[in-house]
Amino acid sequence: MRWRKYLPGYAVLSAAGFLMVLPVLMMVCNSMMGPQELKEAYRAVLGDGTGKMSARLLPVYPTLRPYVELLLDSPDFFVMFWNSVKQVCSILAGQTVVGTMAAWAFARYEFRGRKPLFVMYMILMVMPFQVTMVSSYLVLSELSLLDTHLAVILPGIFSTFPVFIMEKFFRAIPKEVLEAAQVDGAGDLAIFLRIGIPLGSPGIISALILNFLEYWNAMEAPMTFLKTKSKLPLSLYLPDITADQMSASFVASVIMMIPAVLGFLWGRDYLQKGIEASGLKE
């Protein structure tokens, strides 16, 4: 039979896929273990350092008590969760406004210095946070924005990555469509809002999803610009958990993963289009 010829390939891919999802499965299963069971399983790593680690995929005595303790008895968790929601949603809203307008200008207008400016945008996109950290800190300090939510939100709003993704989609809009709209009397703003935004929506959504995944898990910027614990996002909740709170750490990891997974599943088609567009050459 023909399927036998592909069986070795399927077996290798299935094994590789299982190894990729194994850490996630272990995290979910460990979140339903009690403190004593976790201590016995990971004693060699987080305990007295003796014996062997006996990590288990399935809990012997499954319990939801860690979820109850974290969700009902940990107010710091909810404060950090809503900090993440406020910061990430504000960044994405700002990127929708600033990024779409910048991408539309680069894609549909010819002006002096457009190409060098776009190249500069791309250079800023590939620069790691550590390169711009000092200059960003000094600017935020001069504006008296350190240790505020705006210290994280404003740099994110003016990120260059969404412009790179959106520009490809706006550039792909046929000129004939825009010319027909101009003949009908539509102005630049009307063309942008009624034609550019709807036709470029896959690029806008894919850029926002990718940035959501980035800023939802961001740690470097909040650690650098925020000092007050009540303003820290959820991504900095886990580093404060001690070995005695392993159950809470697994539960917090699961809850933090849920919005990212849901966002990815909802927008995976748009993400594929965004990746394809980002690889196209002009």
Just jot down the side-chain contact (heavy atoms from CB on, under 4.5 Å) partners of Ser31, sequence neighbours excluded, or say none. Tyr67, Phe250, Val251, Val254
Please say whether more than 12 non-hydrogen atoms of neighbouring residues, nucleotides or ligands are located less than 6.0 Å from CZ in Phe111. yes
Kindly state each residue pair satisfying side chain to side chain donor-acceptor pair (under 3.5 Å) with at least one member in residues 124-133, sequence neighbours excluded. Gln130-Glu220
Backbone of Glu69 reached by a side-chain donor or acceptor of Ser74 within 3.5 Å: yes
Tell me whether Met223 at atom CE has more than 12 heavy atoms from other residues, nucleotides or ligands lying less than 6.0 Å away. no
Looking at side-chain heavy atoms only, is the closest gap between Val152 and Lys231 below 4.5 Å? no
Between the side chain of Ser84 and the main-chain N/O of Pro233, is any donor-acceptor distance below 3.5 Å? no
Any non-hydrogen side-chain atom of Lys229 less than 4.5 Å from a side-chain atom of Asp76? yes
Donor-acceptor pairs under 3.5 Å, side chain of residues 88-105 to any protein atom, not counting sequence neighbours: which ones?
residue: Ser90; atom: OG; partner: Lys86; partner atom: O; Å: 2.7
residue: Gln95; atom: NE2; partner: Gly156; partner atom: O; Å: 2.7
residue: Gln95; atom: NE2; partner: Asn211; partner atom: OD1; Å: 3.4
residue: Thr96; atom: OG1; partner: Leu92; partner atom: O; Å: 2.7
residue: Thr100; atom: OG1; partner: Thr96; partner atom: O; Å: 2.4
residue: Thr100; atom: OG1; partner: Val97; partner atom: O; Å: 3.1

Here the gap from Phe192 atom CZ to Phe170 atom CZ, rounded to the nearest 0.5 Å, amounts to 5.5 Å
Name the one of Ile195, Leu199, Val183 that satisfies side chain to side chain contact (heavy atoms under 4.5 Å, CB included) with Leu178? Ile195
Measure the CG-CE distance between Leu138 and Met133 for me, rounded to the nearest 0.5 Å. 10.5 Å
Distance in Å, Met80 CE paired with Leu236 CG, rounded so as to fall on 0.5 Å steps: 6.5 Å
Note, Trp266 side chain near Ile205 side chain (heavy atom, < 4.5 Å): yes
Heavy atoms from other residues, nucleotides or ligands near CZ of Phe129 exceed 12 (cutoff 6.0 Å): yes
